[in-house]
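We number each residue from 1, following the sequence as shown.
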Amino acid sequence: MKVKQRKKRKGGTPPSSAETKPPEPWLQEARRKGWLDFLGAYDQQVTMLRSTTSQTSALHLAVAGAPTSSFGLYAGDDLITGWPVFHDPIEGYRSKVIGSPNCVSIGDVGYGKSSFSKTWVTMRNLMLGRRVVIVDKKMQSAGDEDSEHEGEYASLARALGVEPIRFTGEEGGLRINPLDPVITGSDRLTANHTDLLKAILEEVIGEVLSADERKALRVARDAAVTRARERDAVATIHDVTRYLLEPDEEIVEAQLGRYGVDDYATWGRRVGFALEECIEGELAGLIDGETSEEIRVHAGLTVFDISALPDSGPAVPVVMAIINTWLRATLLRQKSAVPTFFVIEEGWHLVDGSFAKVSQQNTKKSRGLALSTVTNYQHLSDVPANSPAIATIKEAGTIAMFRQARREDAEACQRLFGMPPSSIDLLMNLEQGCCLLKIGNKPAVLMRASRSSIEAQLADTDGALLSQARVGLQGDDFTAGEQDDAEDLALAGAGRDVA
């Protein structure tokens, strides 16, 4: 059988079946016609070039990575990349992103430091069912309202249904007992009664107690607690004062050494007189009785308002150190570790003195308790180089640096936190609400703190400065909101009736 030979192409091999097969419809449509090309019916045809993936990768534009992971609380937006910034000190410590759950905020007045604490630290953690305890020293005027001046967190607390615990140091006010067993808890893990009493006395006297005075103080404290327990009561600082000046013979005889009541009375005379004078003067109505029933730290939000206490003297650091110790004792007793944030506004009260040492001692022992201490400072240059506060700031895992207008303050931040020299000018010119957020050993993120309209309203601290209240020339008060017109204000100030 003969096979019909295919006709060979001129000068080559015979055509294949693929060449003789008509093109697919889509290919027919894709073929361009010359006369239509001439009339401009098609887009300009670009000659394709052959390349490799390693070569063409250089054509892709660079995409900046997110500054943080997506785990944590929303803090703000990265001003360079536009990425959202998420961070949570508790989770960051658990995942070993940071070595300490403690936070520090630094910045000039009015540039967003307190608002950041109120939103990112307070409100957003409360929504997660965490505990927040605040020591509020900043005085905030009532603004237009005719009410008492109080701390700046008072309105936020009431908006959330919580009444602030306000210390005034006046007769009939709230008291906190440094000898309350609820406050100190375990002597092994928190500052004990003697530590607090020694801190109080050293703050009052202004110098370190001698060995004899410390011994007299310990014996007086033991006598006060023992006698109070016998009458089914809680010892107070009045009891310690009494046994410093009039030592208990039975307790003294149980001590080592051949020293009698007269010896202990001599050792304790100076500290006894100082303590007596203090609780009758600067600390009267504050620590000179049993702890008020209203004071508790078990709720989700607790605000200690100490804005009415004097800036000078031992009152503020005494209360801060007691609350600090009390909170840690509370966390030690809880069965399940509830993440807790301890916010200290105006941290300069803890930069020096014996109470700074107590706070540092408690802070170091707080790891493992799911506790994050958040301290706000204005300027690092105000903190002495040998202060325990410097060590606490260095150990913080999260640092939020807001504007530092003075060069020495910006330079102090740059040196202490190991940032590049270019950060000095950046810190000095940060806008309101912007900060350098340093998380652990990572480079600082230039961030604008973000807050919702509700958070902005609750975190407002400008009630006094933006108040519309006015006073007449003759001393008659009225509210400017009722006379918005400038002419009405002038007439009202002159004592005339306004329709």
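At least one side-chain heavy atom of L156 sits under 4.5 Å from a side-chain heavy atom of T122. Inter-residue side-chain proximity for T373 and V343 is flagged as unmet; no heavy-atom pair is nearer than 4.5 Å. For the pair N102/E395, no side-chain contact is recorded, criterion being any heavy-atom separation below 4.5 Å from C-beta on. Annotation: side chain of P339 is not in contact with side chain of S372 (no heavy-atom distance under 4.5 Å). Contact check for L436 versus K438: no side-chain heavy atoms found under the 4.5 Å cut-off. Between Q414 and Q404 the shortest side-chain heavy-atom distance does not fall below 4.5 Å. Within the 4.5 Å cutoff, the side chain of R403 has no heavy atoms near those of the M428 side chain. Taking 4.5 Å as the limit, every side-chain heavy atom of T398 sits out of range of all side-chain heavy atoms of V104.
Relative orientation of the W326 and F304 rings is tilted, given thresholds of 30° and 60° on the angle between their planes.
Not counting sequence neighbours, E290 has no partner by the salt bridge (Lys or Arg N to Asp or Glu O under 4.0 Å) test. Taking D136 as the reference, nothing meets the salt bridge (Lys or Arg N to Asp or Glu O under 4.0 Å) condition, with sequence neighbours excluded.
Although no hydrogens or angles enter the test, the distance criterion places a donor-acceptor pair under 3.5 Å between the side chain of T340 and the main chain of V338. With hydrogens and angles ignored, the 3.5 Å screen pairs no side-chain donor or acceptor of S105 with any backbone N or O of N376. A donor-acceptor distance shorter than 3.5 angstrom exists from the side chain of N177 to the backbone of L179, with no hydrogens or angles considered. No donor-acceptor pair closer than 3.5 Å links the side chain of T302 to the backbone N or O of V133.
Both tests do not hold together for K113 against Y111: distance to the six-membered ring centre under 6.0 Å, angle to the ring axis within 45°.
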Subject >> Worked verdict on Y74 versus R124 for side chain to side chain contact (heavy atoms under 4.5 Å, CB included) >> reply: CA-CA 9 Å; Y74 174 57; R124 294 175 191 175; 4.2 Å; yes

Subject >> side chain to side chain donor-acceptor pair (under 3.5 Å) between R175 and T291, intermediate numbers included >> reply: CA-CA 5 Å; R175 286 174 168 79; T291 303; over 6 Å; no

**OP:** Would you sort out whether S307 and K138 count as a side chain to side chain donor-acceptor pair (under 3.5 Å), showing the intermediate values?
**Re:** CA-CA 6 Å; S307 60; K138 275 188 177 180; over 6 Å; no

**OP:** List the steps, then state whether side chain to side chain contact (heavy atoms under 4.5 Å, CB included) holds for M320 with I306.
**Re:** CA-CA 9 Å; M320 280 189 168; I306 61 174; 4.0 Å; yes

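When every heavy atom of A308 is checked against every heavy atom of F167, the shortest pair comes out as CB-O, 3.8 Å.
With respect to the salt-bridge test (charged N to carboxylate O, under 4.0 angstrom), the residues D88 and R130 qualify. A salt bridge between E455 and K118 is absent, with no side-chain N of the basic residue lying under 4.0 Å from a carboxylate O of the acidic one.
Only one option out of Q432, Q378, H379 pairs with D108 in a side chain to side chain donor-acceptor pair (under 3.5 Å); it is H379. The only member of M419, R406, E411 that meets side-chain contact (heavy atoms from CB on, under 4.5 Å) when paired with L427 is M419.
Taking a 6.0 Å sphere around CD1 of I454, one finds it holds 12 or fewer heavy atoms contributed by other residues, nucleotides or ligands. Open room surrounds CD on E293; 12 or fewer heavy atoms of other groups in view lie less than 6.0 Å from it.
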